[in-house]
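Here the structure comes first, spelled out in structure tokens, and everything after it is commentary.
As a basis for the values below, the full set of heavy atoms in this structure was taken, side chains included, without hydrogen atoms, waters or symmetry mates.
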Number of protein chains: 2
Amino acid sequence: MEYRKLKDEDNDGGGGAGDLESLRGKPLSAITVSNVASNSSEKSKWKRKSIVTLALTVLTSSQAILIVWSKRAGKYEYSVTTANFMVEALKCALSLAALARIWRNEGVTEDNRLSTTLDEVIVYPVPAALYLVKNLLQYYIFAYVDAPGYQILKNFNIISTGILYRIILKKKLSEIQWAAFILLCCGCTTAQLNSNSDHVLQTPIQGWMMAIVMALLSGFAGVYTEAIIKKRPSRNINVQNFWLYVFGMAFNAVAIVVQDFDAVMNKGFFHGYSFITVLMILNHALSGIAVSMVMKYADNIVKVYSTSVAMLLTAVVSVFLFGFHLSLAFFLGSTVVSVSVYLHSAGKLQR
Amino acid sequence: MEYRKLKDEDNDGGGGAGDLESLRGKPLSAITVSNVASNSSEKSKWKRKSIVTLALTVLTSSQAILIVWSKRAGKYEYSVTTANFMVEALKCALSLAALARIWRNEGVTEDNRLSTTLDEVIVYPVPAALYLVKNLLQYYIFAYVDAPGYQILKNFNIISTGILYRIILKKKLSEIQWAAFILLCCGCTTAQLNSNSDHVLQTPIQGWMMAIVMALLSGFAGVYTEAIIKKRPSRNINVQNFWLYVFGMAFNAVAIVVQDFDAVMNKGFFHGYSFITVLMILNHALSGIAVSMVMKYADNIVKVYSTSVAMLLTAVVSVFLFGFHLSLAFFLGSTVVSVSVYLHSAGKLQR
């Protein structure tokens with residue numbers, strides 16, 4: 001039984017009573033100081049985690065709203081590859097700007113200097129490469145699934161992230177949290193149901209396989225990024241981001257040459273850019289940084305919850321902005337997602 | 001936090017270690033005997049509970065299948081009120097038959113004799129009366145909601161049963177179990193979604209109010225029945241059933257006179273009965289008895305879970321029997337219901 005387990009962990013881990021026990025014999029002032037320090041450091045950690053999670057949620061939902069807005073404004077007339085490159089470049093620039101401020105205030109240390117070893121940097125291209133493969137597959141899956149069907153199949157990401165998080169990062173979720181994760185996947189899918197959703201059940205086996213492979217790739221990229229960033233906790237996140245994004249730029253430069261070389265040569269790099277394009281690039285860059293921050297200060301599970309809740313927020317905001325109607329399925333799915341969020345926190349393994 | 005509470009109850013209640021503690025000093029043989037006896041009585045209680053729950057699930061799902069079958073066979077040509085009366089009469093007869101066997105084997109005791117006091121019997125007409133009011137309302141709600149919409153609104157029953165179970169029977173559910181109950185309601189509704197389900201959101205306020213009142217009536221009738229049956233645990237269930245069903249017969253006799261008097265007078269009591277009608281009456285009678293048994297040996301929460309799972313079973317069986325297609329919404333809803341069943345048992349308050 002899960003409850004027995006939880007209880008045991010509760011007893012094994014340093015509970016309140018245990019702490020007091022171990023502090024016996026120390027001078028009172030030391031106890032007070034160390035307690036205050038650990039309390040305030042716990043609090044500031046929790047605060048930082050909340051802020052980055054909230055930022056990711058808000059940025060992700062405004063991202064979806066910008067996409068709806070740009071679709072309403074007309075077709076994409078810019079080349080997507082140049083926009084992706086600009087996102088990576090902007091993230092690089094922002095990381096460098098943050099680093100410059102830190103160097104000015106704190107000086108250059110072992111943890112915040114930009115130069116690195118081959119040993120440290122060799123793993124950084126992996127996530128970018130995985131995303132590239134996933135994006136290539138994306139072109140092929142549409143031979144088997146239509147766009148709304150693909151949106152539904154993308155919810156496999158939730159499950160694959162949970163499984164890879166468990167296997168690769170070796171972090172444990174309680175049984176209640178696993179149940180919550182299955183519910184999150186069901187709830188998100190339910191919220192997206194419409195009258196054509198049943199088509200997805202007719203997806204040929206190749207489509208299912210590709211969807212599963214893509215979910216595994218994207219889950220693996222996320223979990224791998226977390227592993228890279230958490231490997232050296234003292235390392236400044238902006239340096240880690242810089243190296244992630246440099247390789248992102250490189251891979252996207254290749255994509256420009258392969259896919260849009262002629263268009264860029266004939267019409268220019270920034271052809272078709274509008275105010276909303278610039279907003280979208282800015283938003284993608286900021287959400288990308290928020291994702292890294294969530295990986296550093298929280299984890300992939302928090303990221304999945306954050307982006308799922310963002311999906312629901314988007315729909316609610318769209319009611320006011322675009323006069324969307326919410327379906328019964330949306331209400332049911334949102335309720336299931338909300339219960340899942342509650343269960344995830346209620347089912348926390350006590351450490 | 002829920003986990004803290006669970007842990008506390010775990011410690012307060014007689015856990016394994018506490019039991020051993022309290023048994024210290026007793027002769028070993030006494031310990032062994034009392035342990036074996038309490039184990040085997042626990043086991044037989046659990047077995048009885050499982051059997052009645054399983055019976056209710058199987059009977060409820062076959063009930064729905066009979067309804068689909070009879071609809072396919074053509075319209076109802078018999079009068080529904082006489083069929084309802086026959087169901088109550090059959091339940092009465094079955095209870096009496098069971099009692100006759102018990103009297104023969106065990107003799108007549110205080111707990112199994114049929115005669116009763118006004119004090120005991122006065123509460124027995126209440127559930128039947130509540131169901132009558134609810135069934136009358138059912139005619140009026142169709143002015144505001146169509147039949148599929150009504151099916152969806154009926155899921156309010158799940159929530160109303162949970163709330164009234166808590167308030168009237170004063171039994172506690174853990175927070176995880178409440179979450180599970182909300183999920184059960186969402187899962188059942190999701191499983192029933194079809195392309196027209198969104199119509200239900202346009203239900204006028206009168207329709208919502210009536211649906212809520214009906215859910216409260218039906219929840220109250222269920223919880224009140226449990227209260228009646230559990231009030232005197234040693235009382236034989238067949239005597240309790242007999243009195244419940246006698247009043248059921250009486251109320252249904254009134255319904256025949258009010259609604260179908262002319263038809264019964266002109267065409268006869270059993271006009272339009274077919275083999276399938278007889279099967280349906282038999283099935284309803286047996287499920288009615290199973291419901292009483294679940295109230296006696298388990299509770300309303302188990303009843304709700306049992307009938308919800310039956311609803312899903314019906315759909316799966318219908319795929320094979322009638323070539324129905326299962327929707328994506330059905331798979332999602334079923335998964336949510338399954339997780340809910342797991343959470344209900346995982347979230348059990350340790351007593």
Side-chain angles (χ1 to χ4, degrees), chain A residues 1-11 15-16 149 152 155 174-176 178-203 325-343 345-350, chain B residues 1-11 15-16 149 152 155 174-176 178-203 325-343 345-350:
Chain A
M1 278 306 307
E2 186 56 23
Y3 280 78
R4 179 63 53 192
K5 261 194 232 158
L6 288 170
K7 212 192 128 197
D8 290 347
E9 302 226 7
D10 226 0
N11 292 341
I152 292 207
N155 290 307
S174 73
E175 282 175 29
I176 301 273
W178 275 113
F181 225 57
I182 295 170
L183 291 172
L184 181 67
C185 183
C186 288
C188 286
T189 314
T190 303
Q192 292 171 321
L193 286 181
N194 61 48
S195 49
N196 292 317
S197 302
D198 278 356
H199 285 318
V200 80
L201 294 176
Q202 270 94 54
T203 304
H325 285 286
L326 296 180
S327 66
L328 178 57
F330 178 82
F331 288 114
L332 293 168
S334 308
T335 308
V336 172
V337 169
S338 309
V339 173
S340 163
V341 171
Y342 161 74
L343 287 171
S345 92
K348 218 161 251 160
L349 288 168
Q350 310 279 335
Chain B
M1 276 306 307
E2 187 56 24
Y3 280 78
R4 179 62 52 192
K5 262 193 230 157
L6 289 170
K7 212 192 128 196
D8 290 348
E9 301 225 8
D10 225 0
N11 292 342
I152 293 211
N155 291 307
S174 72
E175 281 176 30
I176 302 273
W178 275 113
F181 225 57
I182 296 170
L183 290 172
L184 182 67
C185 183
C186 288
C188 286
T189 314
T190 303
Q192 292 171 322
L193 285 181
N194 60 48
S195 49
N196 292 317
S197 302
D198 278 355
H199 285 317
V200 81
L201 294 176
Q202 269 95 54
T203 303
H325 285 286
L326 295 180
S327 66
L328 178 56
F330 178 82
F331 288 114
L332 294 168
S334 308
T335 308
V336 172
V337 169
S338 309
V339 173
S340 163
V341 170
Y342 161 74
L343 287 171
S345 91
K348 219 162 251 162
L349 287 169
Q350 310 279 334

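Highest contact tally toward chain A, considering only B:L183, B:L193, B:I182, is held by B:L183 [criterion: heavy-atom pairs under 4.5 Å]. Ranked by heavy-atom pairs under 4.5 Å with chain B, the list A:L201, A:L326, A:V200, A:T335 is led by A:L201.
In this structure, chain B has heavy atoms under 4.5 Å from both the backbone and the side chain of A:L332. The contact between B:V339 and chain A is made entirely by side chain atoms (from C-beta outward), counting heavy-atom distances below 4.5 Å. Heavy atoms closer than 4.5 Å to chain A are found in the side chain of B:I152, but not in its backbone.
By a heavy-atom distance cut of under 4.5 Å, B:C186, B:T189, B:T190 are the residues of residues 184-192 of chain B near chain A, going up by number.
For B:D198 (side chain) and A:L328 (main-chain N/O), a donor-acceptor pair under 3.5 Å exists by modelled atom type.
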